[in-house]
Amino acid sequence: MASVFALLKGFRLPHVGPRSLQSQGVSLENVRPLYDCGKLAWWARWTYFLVIADLVVTASACELTLNHWTMWEELPKDDAPSTPIPVAGEASSDPAQVVGHYVPRPLWQRGLFTIANFAGGVGLAAVLLGGRSRVVRRLFIVPTASSTSTASGRPASERLLVIQSPLHTRAQGAVMPLRRTSLLHSPDKSEMLIGLMDRRGHYSLSLQNAEVNGQKMSMWDARKSLFTAWYGEKKGLEMFLNSSQVKDEA
């Protein structure tokens, strides 16, 4: 019995949600962000309001579809009431043409349409929340905590990329080795992308009104500074100048 309790005590559920930087061995004290987006895009600032509105509209659409989606059904002449029921918007000169009533559509039709409404609403909410979590608010490049030095005096540890999205506080963030990421151009000239080798998807960096190395720059200079910080002065500048998008703008 004691061994069972020991196993239960040692069992830990997988972490869900943003992680603190301290638990990942990273400290950002006195570290200036390489990138700061400044003001978030309007949809990222109002994401929770948009999600609530989406869920309210979805719930209303599901309720209307399931309980109030009807169709017109004509009544047999034998079951026709003595007083004809006129159809809205039409003159009731001939009772034989206006006898009928509204009945609920078949359950399979209402059920399928309700499921479609629900899936669409939940899917839109997931896209909004997922997109917000992949927007970069602040970005840091820091050495690992266990940095050592080689005989040449150069640090032997690798650099870490710290990304803070709108979901993170200043004490939280996503931490990953910089060498497992890549800086990419986006089809939108006002943003750049961070490709991930060990995770699905990518992060988005908006260059409009953003600060790079503590300064507001043109989009050209901002991209150049990010490439040199990412890959080093020589390689970063070469990759920046050889990129097709830069050639098109030159």
Side-chain angles (χ1 to χ4, degrees), residues 11-19 37 39-137 163-169 172 174 184 186-191 193-196 198-206 208-209:
F11 178 75
R12 292 184 179 181
L13 292 174
H15 182 84
V16 178
R19 294 182 60 186
C37 75
K39 191 175 183 179
L40 291 169
W42 70 269
W43 66 268
R45 298 195 306 270
W46 294 91
T47 299
Y48 294 122
F49 173 80
L50 293 174
V51 168
I52 292 173
D54 167 63
L55 295 179
V56 169
V57 172
T58 299
S60 300
C62 291
E63 194 277 333
L64 287 172
T65 301
L66 190 61
N67 298 324
H68 303 284
W69 193 22
T70 60
M71 62 182 180
W72 179 260
E73 181 180 77
E74 293 185 1
L75 291 174
K77 293 183 179 180
D78 296 340
D79 298 338
S82 57
T83 303
I85 305 174
V87 178
E90 294 184 2
S92 56
S93 57
D94 187 359
Q97 297 180 0
V98 296
V99 175
H101 62 165
Y102 286 100
V103 296
R105 285 183 173 270
L107 181 59
W108 69 268
Q109 292 183 6
R110 291 179 284 137
L112 285 178
F113 206 71
T114 299
I115 293 174
N117 282 328
F118 180 80
V122 172
L124 178 58
V127 168
L128 287 171
L129 293 174
R132 189 174 189 265
S133 69
R134 289 307 178 100
V135 172
V136 178
R137 191 168 196 167
I163 295 176
Q164 292 181 335
S165 74
L167 298 180
H168 297 116
T169 65
Q172 299 174 331
L184 308 170
S186 168
D188 184 355
K189 295 182 180 180
S190 65
E191 72 172 5
L193 305 176
I194 300 176
L196 309 174
D198 302 322
R199 308 185 188 185
R200 301 178 64 180
H202 60 265
Y203 284 92
S204 171
L205 297 89
S206 175
Q208 285 187 337
N209 302 319

Regarding Ser204 and Glu191, is there a side-chain donor-to-acceptor distance under 3.5 Å anywhere?
-> yes
Check whether any side-chain heavy atom of Leu128 sits under 4.5 Å from a side-chain heavy atom of Tyr48, and report yes or no.
-> no
Name all residues meeting the side-chain hydrogen bond (donor to acceptor under 3.5 Å, both in side chains) criterion together with Thr114; count only those two or more places apart in sequence or in a different chain, and write none if there are none.
-> none
Starting at CD1 of Ile194, measure out to OG of Ser186 and round the result to the nearest 0.5 Å.
-> 12.0 Å
Just how far is it from atom CG of Asp188 to atom CG of Leu193, taken to the nearest 0.5 Å?
-> 9.0 Å
Got a second to check how far His202's NE2 is from Arg134's CZ, nearest 0.5 Å?
-> 8.5 Å
Separation of Leu124 CG from Leu55 CG (nearest 0.5 Å) | 9.0 Å
Taken to the nearest 0.5 Å, the spacing of Leu107 CG from Arg110 CZ works out to 5.0 Å
How close do Val136 and Cys37 get, heavy atom to heavy atom, and via which atoms?
-> O-CB, 3.7 Å
ring-ring contact (aromatic ring centres under 6.0 Å, His included) partners for Phe113, two or more places apart = Trp69
Could you tell me which non-hydrogen atom of Thr169 sits nearest to which non-hydrogen atom of Gln164, and how far apart they are?
-> O-NE2, 3.5 Å
Residues Trp43 and Leu50: closest non-hydrogen pair is O-CD1, 4.2 Å
Is there a donor-acceptor contact under 3.5 Å from the side chain of Arg45 to the main chain of Leu40?
-> yes
If you look at every heavy atom in Arg105 and Gln109, which pair is closest and at what distance?
-> NH1-OE1, 3.2 Å
Donor-acceptor pair, side chain of Ser133 and main chain of Gly130, under 3.5 angstrom = yes
Answer yes or no: does atom CH2 of Trp46 have more than 12 heavy-atom neighbours from other residues, nucleotides or ligands under 6.0 Å?
-> no
List the steps, then state whether side-chain contact (heavy atoms from CB on, under 4.5 Å) holds for His168 with Arg19.
-> CA-CA 8 Å; His168 297 116; Arg19 294 182 60 186; over 6 Å; no
Quick one: list whatever passes side-chain hydrogen bond (donor to acceptor under 3.5 Å, both in side chains) with Arg199, sequence neighbours left out.
-> none
Minimal non-hydrogen separation, Val103 against Glu73, with atom names = CG1-OE1, 3.7 Å
What distance separates Gln172 CD from Leu167 CG, expressed to the nearest 0.5 Å?
-> 9.0 Å
Closest non-hydrogen atom pair between Ser165 and Arg132, with its separation | CB-O, 4.2 Å
